[in-house]
Amino acid sequence: MGATATLVLGLLAGGTGTSQAAASLPCDIYAAAGTPCVAAHSTTRALYASFNGPLYQLKRASDSAVTDVGTLTAGGYADAARQDSFCAGTTCVINVIYDQSPRHNHMPIEPAGTAGPANSGVPADALPVTAGGHQVYGASFSGRMGYRHTAASGVAVNGRPEGMYMVTSGTHVNGLCCFDYGNAEVQIADTGNGHMDAINFGTECWFPPCGGSGPWVQADLENGLFQSDSGYSKNPSNTGNSAPFVTALLKNNGQNYFALKDGNAQSGRLTTQYAGPEPSRPGYSPMHQEGSIVLGTGGDNSNGSIGSFFEGVMTSGLPTDAADDAVQANVVSVGYGAPSPVAGGTLDAGSTMSLRATTPGYTDRYVRHQANSAVTSVVSSGSSALDKGDASWIVRRGLANASCVSFESRNYPGDFLRHYNYQLLRQPMDGTAVFRADATFCPQTGKNGQGTSFASSNYPDRFIRHYENKVYIASNGGSNPFDSATSWADDVSWRVSGPWTP
């Protein structure tokens with residue numbers, strides 16, 4: 001019996017398996033199978049049993065200082081306490097995601113490409129989770145965020161075989177291009193069919209029909225998100241995977257075969273969604289990979305997608321199914337999970353809540369988004385599911401000030417309530433300092449003695465106010481109609497209530 005088979009039997013039998021298996025992490029497993037990792041990225045844990053270096057680099061907003069976050073022990077989990085201490089009283093972004101492999105294929109923030117402007121780093125504290133019983137942080141992408149290594153070492157080129165997986169989430173997705181992890185062009189541009197070989201995860205159906213509503217694991221091979229050699233799904237049972245934690249896997253021999261698998265990263269085995277010939281369109285057989293590494297965007301920096309990333313690797317050579325199974329068993333053994341539940345209807349980070357007006361005669365109205373603008377509408381138990389969802393918000397730590405709050409749309413993950421020309425809008429978080437400040441509000445005691453008032457982080461004399469059913473940041477008196485002093489204290493005071501849509 002080979003080393004890989006021993007690992008599989010041990011891991012599948014009892015979660016951690018034999019003493020050898022317990023010390024074997026994904027890149028150890030793939031190396032034992034003859035397909036070593038050439039890239040290993042994670043913000044949550046080591047992917048080699050012997051790894052004790054840095055996982056990622058933080059950059060602090062207050063003074064632009066940087067620091068590395070490593071593991072608590074060799075082969076262990078991220079030292080989240082170091083992040084919490086370094087970022088206390090300010091905000092941080094993930095500036096670099098380090099490669100744990102000997103290839104040193106570290107990923108800095110991606111610059112501009114032919115299809116998108118320069119990216120921002122992900123907010124460092126936006127995705128708290130638990131792994132191995134420890135609090136750690138995943139990477140939460142909200143559009144115009146991405147990482148890229150354009151001169152990678154050892155990554156497959158010109159039709160050579162490779163495999164890759166990532167642990168992502170089926171609850172934080174959209175249908176915009178392209179939440180990818182894997183092999184991309186050296187230039188940040190579309191250089192033709194077959195010049196990419198990357199996992200894609202989202203709800204964009206490039207080649208209909210697609211089964212169900214997704215999100216699906218697909219192969220971004222450039223100029224198409226493929227679920228089969230024909231592009232469209234040939235598997236009627238593949239309706240997507242919306243689990244909170246998803247293992248998404250792609251492998252490709254570069255010549256005449258590729259396979260897609262997915263699984264619940266918290267339990268069970270992988271499911272093969274497709275295994276067969278390369279796409280029949282010209283340029284994909286053989287492949288023409290270029291050996292760059294991308295995370296969060298398309299090969300040309302199409303960067304409208306949102307998504308979550310916890311860990312991922314790329315291999316040299318086509319992994320065996322047995323090695324894939326062993327890696328999945330190891331991922332499951334991590335016990336990825338949400339942090340401690342947060343009560344709804346509070347201003348605690350992670351809570352889902354609704355904001356109700358306190359102005360007499362308007363107490364049945366809630367802040368909701370409509371056609372991308374923030375308005376107040378009457379919402380009741382008889383309202384539509386759409387209206388209830390639009391009037392529900394997820395509380396996040398303030399994007400520009402961790403002691404304040406930001407409000408993420410319940411119906412549109414990755415979109416936040418922000419002000420622009422004093423009016424509040426729902427827009428996708430683009431990572432810029434201006435957006436972060438515009439989307440950050442600091443709670444105070446309600447100006448009319450009820451509930452809570454929310455001061456704008458960058459205009460502290462202005463508070464979230466409803467005026468003629470629209471929502472603004474307004475001062476108490478001024479040249480704009482919405483700055484009227486009449487009923488100002490009532491209009492800027494809000495009841496934080498239980499969410500219409502949990």
Side-chain angles (χ1 to χ4, degrees), residues 43-44 54-72 77-98 108-109 119-131 134-142 144-145 308 338-340 342-343 346-353 393-408 414 416-419 429-447 452-464 473 492 494 496:
T43 62
T44 63
L55 298 175
Y56 58 96
Q57 182 188 83
L58 297 167
K59 185 174 183 179
R60 191 163 59 192
S62 58
D63 58 1
S64 296
V66 298
T67 195
D68 291 339
V69 174
T71 59
L72 293 166
Y77 295 90
D79 184 1
R82 179 170 180 80
Q83 173 176 317
D84 294 340
S85 174
F86 181 75
C87 302
T90 182
T91 59
C92 290
V93 298
I94 295 177
N95 200 42
V96 179
I97 302 176
Y98 291 114
I109 296 170
N119 291 278
S120 299
V122 301
D125 65 348
L127 191 53
V129 296
T130 57
H134 300 273
Q135 179 189 309
V136 295
Y137 292 99
S140 179
F141 292 74
S142 295
R144 284 184 61 178
M145 298 178 187
S308 303
S340 300
V342 176
T346 71
L347 288 176
D348 295 331
S351 172
T352 303
M353 57 89 217
W393 304 89
I394 303 170
V395 180
R396 303 298 186 193
R397 291 186 181 97
L399 294 173
N401 182 340
S403 64
C404 300
V405 296
S406 295
F407 300 115
E408 184 178 8
F416 285 79
L417 196 63
R418 62 86 59 99
H419 66 80
M429 210 290 245
D430 63 16
T432 63
V434 169
F435 188 103
R436 290 174 182 274
D438 290 351
T440 301
F441 305 94
C442 301
Q444 301 180 10
T445 301
K447 293 297 183 181
T452 306
S453 293
F454 298 93
S456 166
S457 173
N458 49 356
Y459 292 89
D461 62 338
R462 290 183 171 273
F463 292 76
I464 294 178
I473 54 167
V492 300
W494 304 89
V496 177

Nearest heavy-atom neighbours spanning Thr440 and Cys404:
CG2-CB, 3.7 Å
A side-chain contact here means heavy atoms from C-beta on lying under 4.5 Å apart; do Arg436 and Pro123 qualify?
yes
Starting at NZ of Lys59, measure out to OG of Ser64 and round the result to the nearest 0.5 Å.
4.5 Å
Looking at Tyr56 and Gln83, what are the two nearest heavy atoms and their distance?
OH-OE1, 2.6 Å
Could you go through Arg418 and Val434, starting from their C-alpha distance and side-chain angles, then the distance that decides it, and tell me whether this counts as side-chain contact (heavy atoms from CB on, under 4.5 Å)?
CA-CA 10 Å; Arg418 62 86 59 99; Val434 169; 4.1 Å; yes
Side chain proximity check, Leu127 to Ser308, heavy atoms < 4.5 angstrom
yes
Measure the CG-OG1 distance between Leu399 and Thr91 for me, rounded to the nearest 0.5 Å.
8.0 Å
Measuring from Ser456:OG to His419:NE2, what's the distance to the nearest 0.5 Å?
3.5 Å
Taking Thr43 for the side chain and Tyr137 for the main chain, is one N or O donor matched with an acceptor at less than 3.5 Å?
yes
What are the two closest non-hydrogen atoms of Ala343 and Ser351, and how far apart are they?
O-OG, 2.9 Å
Does the Arg144 side chain pair with the main chain of Gly431, one donor and one acceptor, at a distance under 3.5 Å?
no
Step through the shown structure and confirm whether more than 12 heavy atoms of other residues, nucleotides or ligands are within 6.0 Å of OH on Tyr459.
no
Looking at Phe86 and Ala65, what are the two nearest heavy atoms and their distance?
CZ-O, 3.5 Å
Measuring from atom CZ of Arg82 to atom CG of Asp68, what distance do you get when rounded to the nearest 0.5 angstrom?
7.5 Å
Side-chain donor/acceptor of Trp494 to backbone N/O of Ile464, under 3.5 Å:
yes
Decide yes or no for Val93 and Ser120: does some side-chain heavy atom of the first lie under 4.5 Å from some side-chain heavy atom of the second?
no
Whether Phe407 and Phe454 hold their rings parallel, tilted or perpendicular, with breakpoints at 30° and 60°:
perpendicular
Where Leu347 and Thr452 come nearest, the two heavy atoms and their spacing:
CD1-CG2, 4.2 Å
Evaluation steps, side-chain contact (heavy atoms from CB on, under 4.5 Å), between Leu72 and Asp79:
CA-CA 5 Å; Leu72 293 166; Asp79 184 1; 3.6 Å; yes
Output the distance between atom CG (Asn458) and atom CD1 (Ile473), rounded to the nearest 0.5 Å.
6.5 Å
When every non-hydrogen atom of Tyr98 is compared with those of Pro54, the smallest separation belongs to CB-O, 3.5 Å
Quick one: CD on Glu408 to CE on Met429, what's the gap to the nearest 0.5 Å?
9.5 Å
Could you tell me whether the side chain of Val496 reaches within less than 4.5 Å of the side chain of Thr346, counting heavy atoms only?
no
Of Val96, Asn95, Ile94, the residue whose pairing with Ile109 passes side chain to side chain contact (heavy atoms under 4.5 Å, CB included):
Asn95
Look only at the side chain of Arg397 and the backbone of Ser403, and say whether a donor-acceptor pair between them is shorter than 3.5 Å.
no
